[in-house]
Amino acid sequence: MKKLEIKTQISVYESFEDLPNQIQSLMEKAIAAKEKAYAPYSKFRVGAALLLDNAKVITGNNQENAAYPSGMCAERVAIWKASSEYPNNKVIALAISASAASHIVKEPVAPCGACRQALSEYEIKQKDKIEVYFMGETGKVINTHAVLDLLPLAFDKSFL
Ligand code: THU
């Protein structure tokens, strides 16, 4: 038996204002997308914005359903929208913001496990890392330098 260590480097920005200009404007699009979320049940709104290598920005937000598991997260709405519209373009960066009706979300809201898995498919396919930036409504912004940094030991097509 041997023990291995898995290390991940992340960058933490103290606030939205500290982000590089290009990422600030991507995050602004995620925030705008969040306002259009359909979240009548959780009242937790999430917005995602993807920057593609053709300079297009594709946004998504969470879409809930009365049959709860039939709803979908913002990140997957965005990545599937991007892949269906621009299948041959690479994703450079993803910005995510979330807010709740009951309180101000001050901590960065990380993408859920299912979204990490879905996003990893496209990161592997494009052979280039996707920078991920996520925040709450205010406060710090966390930046991981790849989707796979959020999903060590990922399941991928090599197992099939
Ligand atoms: N949600 C997202 O949109 N993205 C995530 O990564 C986590 C959760 C949504 C799903 C649901 O509509 C609401 O947030 C509460 O879980």
Side-chain angles (χ1 to χ4, degrees), residues 6 8-16 19 22-52 56-86 89-126 128-156:
I6 298 172
T8 302
Q9 233 183 36
I10 65 171
S11 303
V12 182
Y13 293 86
E14 277 311 302
S15 72
F16 168 88
L19 290 169
Q22 191 191 33
I23 302 302
Q24 262 191 31
S25 72
L26 190 65
M27 188 60 85
E28 273 167 359
K29 297 204 167 89
I31 292 165
K34 176 177 75 175
E35 302 313 319
K36 293 186 195 159
Y38 177 61
Y41 305 107
S42 72
K43 299 190 170 34
F44 189 77
R45 295 170 174 274
V46 185
L50 294 161
L51 174 63
L52 307 187
K56 299 267 182 212
V57 172
I58 305 296
T59 61
N61 47 37
N62 51 328
Q63 297 292 318
E64 297 187 348
N65 194 284
Y68 291 179
S70 300
M72 187 44 63
C73 292
E75 296 88 329
R76 277 176 283 168
V77 169
I79 191 70
W80 290 334
K81 206 168 138 186
S83 180
S84 57
E85 218 174 323
Y86 300 101
N89 288 97
K90 294 186 182 188
V91 179
I92 293 167
L94 162 62
I96 303 160
S97 172
S99 58
S102 57
H103 63 282
I104 293 175
V105 180
K106 293 180 180 150
E107 294 302 320
V109 175
C112 78
C115 286
R116 295 177 198 201
Q117 180 65 35
L119 291 161
S120 75
E121 179 76 21
Y122 299 94
E123 184 172 84
I124 292 165
K125 173 178 170 255
Q126 71 179 26
D128 268 322
K129 294 178 177 182
I130 301 171
E131 294 280 345
V132 183
Y133 297 82
F134 51 92
M135 64 180 294
E137 199 174 339
T138 61
K140 292 185 172 55
V141 184
I142 292 181
N143 166 215
T144 70
H145 307 295
V147 171
L148 286 171
D149 285 350
L150 286 165
L151 193 66
L153 307 178
F155 180 85
D156 64 23

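Keep in mind it's a predicted model, so treat the numbers as computed, not measured. Atoms within a ligand are numbered from 1 in the order they appear, just like the ligands themselves.
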Check ligand 1 for close polar pairs with the protein: N or O on both sides, less than 3.5 Å.
unit_1: ligand 1; atom_1: 3 (O); unit_2: Ala74; atom_2: N; d: 2.9
unit_1: ligand 1; atom_1: 4 (N); unit_2: Glu75; atom_2: OE1; d: 2.8
unit_1: ligand 1; atom_1: 6 (O); unit_2: Glu75; atom_2: OE1; d: 3.4
unit_1: ligand 1; atom_1: 6 (O); unit_2: Glu75; atom_2: OE2; d: 3.0
unit_1: ligand 1; atom_1: 6 (O); unit_2: Cys112; atom_2: N; d: 2.9
unit_1: ligand 1; atom_1: 12 (O); unit_2: Asn62; atom_2: ND2; d: 2.9
unit_1: ligand 1; atom_1: 12 (O); unit_2: Glu64; atom_2: OE2; d: 2.5

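- For the pair Lys43 and Ser102, the minimum side-chain heavy-atom distance is 4.5 Å or more.
- Tyr38 is linked by a ring pair (Phe, Tyr, Trp, His ring centres under 6.0 Å) to nothing, counting only residues two or more places apart in sequence or in another chain.
- Within a 6.0 Å radius of CD in Gln9, other residues, nucleotides and ligands contribute 12 heavy atoms or fewer.
- A salt bridge (charged side-chain N to carboxylate O under 4.0 Å, His left out) check over residues 130-141, counting only residues at least two apart or in different chains, returns the pairs Glu14-Lys140.
- Lys90 pairs by the salt bridge (Lys or Arg N to Asp or Glu O under 4.0 Å) definition with Asp128, not counting sequence neighbours.
- Side-chain atoms of Phe16 and Tyr133, non-hydrogen and from C-beta on, never get closer than 4.5 Å to each other.
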